[in-house]
Each structure stands twice: as structure tokens, then as C-alpha cells.
Amino acid sequence: MISDKIHEECGVFGLHCKEGAKVARDIYYGLCSLQHRGQESAGICVCNTAGPIGNISFHKDMGLVRDVFSEKEMEQLQGNMGIGHVRYSTTGKSCVENAQPLVLNYLKGTLAVAHNGNIINSAELREALQSEGSIFRGDTDSEVIAFQIAKERTKTKSVEEAIKNTVTKIKGGFALLVMSPRKLIGVRDPLGIKPLCLGKLDDGYVLSSESCALSTIGATFVRDVKPGEMVIITEDGVVSDESLCGDERAHCIFEYIYFARQDSVMDGIGIYEARIRAGRALARRNQVDADIVVGVPDSGITAAVGYAQESKIPFALAFQKNSYVGRTFIKPTQGERETSVHLKLSVLEPVVKGKSIVLIDDSIVRGTTIANLIKMLRKAGAKAVHVRICSPTFLHPCYYGTDIPTDSQLIAHSLTIDEICEHIGADTLHYMELEDLSEMTGELGLCKACLDGKYPLT
């Protein structure tokens, strides 16, 4: 990873409506609302449930949703059921061959798969499949899942039975959408590491990584898919299979800290309110004498509002964001990364000149971006910069669907907090305490392995 942020693998969005409906455009808009979860590639596949078996059409390519789909491509995607995907690769090469959804023709028909997450036993499953003659086109966990479902389907009476057999074999965090010619099926990993929710749209149903994408197409939120639950959507409605559900929960803490869009509600927790509470908790622990509180756009702003509310220090907008430049984390050299930070953010000098500032961000991974922001604030005349981070120190790699595979990429793994403070050029630095995470999410069971090294799956 190149930037000072961690990144999700992807987002999934599926829609099943009555015969004669055209779902491609709604899926397109749903994916636009999930674009924050992945920007490398995008894809949509659709089918007519009343058409011939195997009648699945799709288009996918590298780039943002708006760049992948032209009017011509949208017109060719005719169907009343479909799934879509936006990708940020954590496993597998960043190439069009690995873009999703994956469409697989096999002995008993055709299926399409869209997947968010990482499978920690994918190498073992891949080896077993290859020993049985399966031919892989790419190098992703999603492909392993698709081929495993196809394998199980040759031995079962229904696609949902094949999916259930597959879920019992895979280990990891995942939200999975599978489309057969007649059914849209969503599955969430048994610990609930990855999010998935169910919505209602007129005469159809929606499955989405986040609830924010539902309102984009006029759908209403029904509920979160339960950890371990399989939801089967057909023309007759929704059927739920909870046979793989258990009591243990391990929802990814970084969904609440950073990944999810702040207008989403996830497992009963409003993301915006959770981040306000995080800022308040941080202020209670780490008060400082300062003139203003500012947040790093966009991820630190909501928590900064909470910090300001609790500390009674005025909140201010100190950065102007340019939304029309590329992502900083794809720049190949350190010099270009620093330049791209300046392209993406500029400091409002009248706001910060002569001021002592509390700078709020959600996390520090490598320390590069926040160090550049502190330099920019000082150049604009800031008298002092006190950094407060709305997460504990990021000490351990994640194996369940984010792009931190080794601890060598984590600044907190090799430096103390005082050393990090000196490294980034801050006057003071404090992180949220582990025990204060409950301020954000209450009693919700969490996966905090990247923070405390306690992995729910090994």
C-alpha cells in the first residue's frame, strides 16, 4: 500500500425485480454510491429470469463506474435481475481479468459471483480444485469461491445448497452475491466481518454492501443480513436460511471508523453518530489548549465535530478539497505522492494563521499523508498542531479484506507514539484507547485484530 490509509476490497450490489423490469441503471447508481469501497474496476451482469437458461449478459472494465459504463453498454444490459461490483484489489492482480462480477459457465448452467472480502484458506481450496482439473482464469479469492460453488452444484439439487456447502468450506470475511438464471442469493460470513443489507424497491428486492446505496435508487432499508445467513430472492419474494448462523460476532471495526459512508446504518449502528461519539470519547481522554478543531477531509471531519462538541473548542474547516484529481495512493514515487496531496487539499490560510490547532484523523498507517498536512498547516501559519486519532494504534496486518498484509507497512509497529509524533512533525499526538471503541459501537461484537492482534479466524 502506498498511502496513509487502508482500503476496502470492494462493494457489491444486487437487484431482483418482476419480469419486464430493467435493473441495470439502478445497479449502476447503486455502485456509484458504493464507489468509496473500490475504485479500480467496476462491473454489472444481468439476466431475464423469464429467458432461456444461461441468458446472462455483462460488462466490466478498469476504472470508476462512470467511466466503465457508457450509454451503449447500459442499453445492452437488459434484464430484470442483476448484480454489480466495485473493486479495490487486496488479493490478485489489478487487471480487467480479475474485475467482477465473475461469470462462470459450468456443467449445470451459468452463474455470476460478486464478492467482498478475503478467504484465508483460498490456497488450500485452490489446490484441491486444481487437482480435480479446474482451470482458473485469474488469481482471486472470488474465483475460488465461484469454482467451488460450481463444483458443489454438480452434487446438489439446488444452487443455494451448493452455496451453503461452499460457505462451510471457506474461512474468512465475506459478503457474497450469487446470481443464477432464476435466483439472486446473498450470503454473509458467519462472524459478520463484512457488511450486507437487504432493501425493498417497489416490486423488487435489493442486496447491498451498505444502506447508503439503497436510498440512491429509492429503495427502503429492510434489515441487515444476519451473520451466516443466506437470503434467496426469486419472483416469489425472499426466503431466509439461517442454518449457518451462530452467536459469535466480529464486525470489522474499521467499517465504523473509516470504510463505511457516513450516511449508512450498519448492524444497527448509524455511522455518522458513531463517528461523532468517537470524537467525543477522544476529547474526554485527550484535552488540549487550542484555538480550533479541524478534521482531515473527508474521514476525519465528523469525528472532529464530535471532538469540538465535547471539548468546547470551536470547529473550523481548514482544508479545501479538490474532488477532481486522482487518488494519492496510486502515485508511484514519494515525490509524486507529496505533490498529489497538495493537489487534492489546500489549506485555508485565514482559518489557521496564528492558531493552535487540534487536527483529527481516523487513523495513521504509514504517516506520510498526515506529515504532509502538518507541513502545509505550519506553512500557512499554524502556531501549533496537536494530532488526535480516532482509532487505537494500527499494529497488526488484516487478513479479512483490507490491504494491509504485513506489519512492516505499519508505522506504529516500528515506532513508539512519541517517535511517531516526532516523525510526522506534530506538537502532540494521542490515539483513541482500545477500551473506548465501545463508545462508537456499544455492545456490538467487533473484529479488532488489526489493533489488538486477536484474530477471530486463523
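Keep in mind that what you see is a predicted model, and the values were worked out from it rather than measured.
- Within 6.0 Å of NZ on Lys169 lie more than 12 heavy atoms contributed by other residues, nucleotides or ligands.
- Using a 4.5 Å cut-off on side-chain heavy atoms (C-beta onward), Gln309 and Ile276 make contact.
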Side-chain donor-acceptor distances from residues 447-458 under 3.5 Å, at least two apart:
unit_1	atom_1	unit_2	atom_2	d
Asp452	OD1	Lys454	N	2.9
Tyr455	OH	Pro397	O	2.7

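- For the pair Ser211/Met266, no side-chain contact is recorded, criterion being any heavy-atom separation below 4.5 Å from C-beta on.
- Using a 4.5 Å cut-off on side-chain heavy atoms (C-beta onward), Leu177 and Val113 make no contact.
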> Can you check side chain to side chain contact (heavy atoms under 4.5 Å, CB included) on Phe315 and Ile301, steps first, answer last?
Replying inline: CA-CA 9 Å; Phe315 169 80; Ile301 290 178; 3.9 Å; yes

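- Between the side chain of Arg87 and the backbone N or O of Met62 there is no donor-acceptor pair closer than 3.5 Å.
- In summary, the side chains of Arg275 and Gln262 do not present any donor paired with an acceptor at a separation below 3.5 Å, with no hydrogens or angles considered.
- Side-chain polar atoms of Glu229 and Ser240 form a donor-acceptor pair below 3.5 angstrom.
- Using a 4.5 Å cut-off on side-chain heavy atoms (C-beta onward), Val296 and Ile360 make no contact.
- Across all their heavy atoms, Leu196 and Arg188 have their closest contact at N-NE, 4.0 Å.
- Heavy atoms from other residues, nucleotides or ligands lying under 6.0 Å from NZ of Lys183 number more than 12.
- Residues Lys171 and Ile119 fail the side-chain proximity criterion, which asks for heavy atoms closer than 4.5 Å.
- With values rounded to the nearest 0.5 angstrom, Leu191 atom CG is found 11.5 Å from Asp247 atom CG.
- With hydrogens and angles ignored, the 3.5 Å screen pairs a side-chain donor or acceptor of His251 with a backbone N or O of Gly192.
- The backbone N or O of Ala50 lies less than 3.5 Å from no partner atom in the side chain of Asn48, so there is not a single donor-acceptor pair.
- For Thr441 (side chain) and Ser438 (main-chain N/O), no donor-acceptor pair under 3.5 Å exists by modelled atom type.
- Side-chain atoms of Ser208 do not come within 3.5 Å of backbone N or O of Ala213 as any donor-acceptor pair.
- Atom CD1 of Ile170 sits about 8.0 Å away from atom CG of Leu125, to the nearest 0.5 Å.
- Here the closest non-hydrogen pair linking Leu201 and Ile217 is CD1-O, 3.4 Å.
- In summary, the side chains of Ser41 and Lys60 do not present any donor paired with an acceptor at a separation below 3.5 Å, with no hydrogens or angles considered.
- Between the side chain of Arg277 and the backbone N or O of Glu439 there is at least one donor-acceptor pair closer than 3.5 Å.
- Using a 4.5 Å heavy-atom cutoff, the side chains of Asp263 and Tyr272 are not in contact.
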Only distances under 3.5 Å count here; give the side-chain donor-acceptor pairs of residues 64-71 to other protein atoms, sequence neighbours excluded, each with its distance to 0.1 Å.
unit_1	atom_1	unit_2	atom_2	d
Ser70	OG	Lys72	N	3.4
Ser70	OG	Glu73	N	3.4
Ser70	OG	Glu73	OE1	2.4
Glu71	OE1	Arg25	NH2	3.4
Glu71	OE2	Arg25	NH2	2.2

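- What you find for Lys321 and Pro297 is that their closest heavy atoms are CD-CB, 4.3 Å.
- By the neighbour-count criterion of 12 heavy atoms within 6.0 Å, atom NZ of Lys155 is densely surrounded, having more than that number from other residues, nucleotides or ligands.
- When only modelled atom types and interatomic distance are considered, Gln100 and Ser142 share a side-chain donor-acceptor pair under 3.5 Å.
- Shortest non-hydrogen contact noted between Ala112 and Cys45 is CB-SG, 3.4 Å.
- Listed for the Asp189 side chain is a donor-acceptor partner under 3.5 Å among the backbone atoms of Lys194.
- Minimum interatomic distance between Ala24 and Ile44 (heavy atoms only, all atoms of both residues): O-CD1, 3.9 Å.
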>> Quick one, Gln76 with His59, criterion side chain to side chain contact (heavy atoms under 4.5 Å, CB included). Give me CA distance, side-chain angles, the key distance, then yes/no.
In response: CA-CA 9 Å; Gln76 293 173 347; His59 177 74; over 6 Å; no

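- The SG atom of Cys10 lies 8.0 Å from the CZ atom of Arg37; values are rounded to the nearest 0.5 Å.
- Here the closest heavy-atom approach between residue Phe394 and residue Ile364 is recorded as CB-O, 4.1 Å.
- Here CG of Leu15 is found 6.0 Å from CG of Asp26. Values are rounded to the nearest 0.5 Å.
- A donor-acceptor contact closer than 3.5 angstrom is absent between the side chains of Ser391 and Asp362.
- Leu214 places a side-chain heavy atom less than 4.5 Å from the side chain of Cys197.
- No more than 12 heavy-atom neighbours from other residues, nucleotides or ligands sit within 6.0 angstrom of OH on Tyr29.
- The pair Lys18-Glu235 does not meet the salt-bridge criterion, since no charged nitrogen lies less than 4.0 angstrom from a carboxylate oxygen.
- Of the possible donor and acceptor atoms, none in the side chain of Arg182 sits under 3.5 Å from a partner among the backbone N and O of Met179.
- For Glu210 and Ser264, the side-chain atoms include at least one donor-acceptor pair closer than 3.5 Å.
- Of the inter-residue distances, the one linking Asp361 atom CG with Ile257 atom CD1 reads 11.5 Å to the nearest 0.5 angstrom.
- From Glu152, atom CD reaches atom CD1 of Ile149 across 9.0 Å, with rounding to the nearest 0.5 Å.
- For the pair Phe254 and Ser363, the minimum side-chain heavy-atom distance is below 4.5 Å.
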>> Please determine whether side chain to side chain contact (heavy atoms under 4.5 Å, CB included) holds for the pair Thr110 and Leu104, giving the CA-CA distance in whole Å, both sets of side-chain angles, and the decisive distance to 0.1 Å.
In response: CA-CA 6 Å; Thr110 304; Leu104 183 63; over 6 Å; no

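- Proximity of a side-chain donor or acceptor of Asp224 to a complementary backbone N or O of Asp267 within less than 3.5 Å is detected.
- A donor-acceptor pair is defined here as one N or O able to donate and one able to accept, closer than 3.5 Å; no such pair exists between the side chain of Ser57 and the backbone of Leu77.
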>> One pair to check against side chain to side chain contact (heavy atoms under 4.5 Å, CB included): Leu395 and Leu410. What are the steps and the verdict?
In response: CA-CA 6 Å; Leu395 293 169; Leu410 307 172; 5.5 Å; no

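- Partner of Phe174 under the side chain to side chain contact (heavy atoms under 4.5 Å, CB included) criterion, chosen from Val187, Asn118, Asn116, Asp141: Val187.
- The number of heavy-atom neighbours closer than 6.0 Å to CD of Glu443, taken from other residues, nucleotides and ligands shown, is 12 or below.
- Among Leu129, Ile163, Val167, Asn165, the single residue meeting the side chain to side chain contact (heavy atoms under 4.5 Å, CB included) criterion with Gln148 is Leu129.
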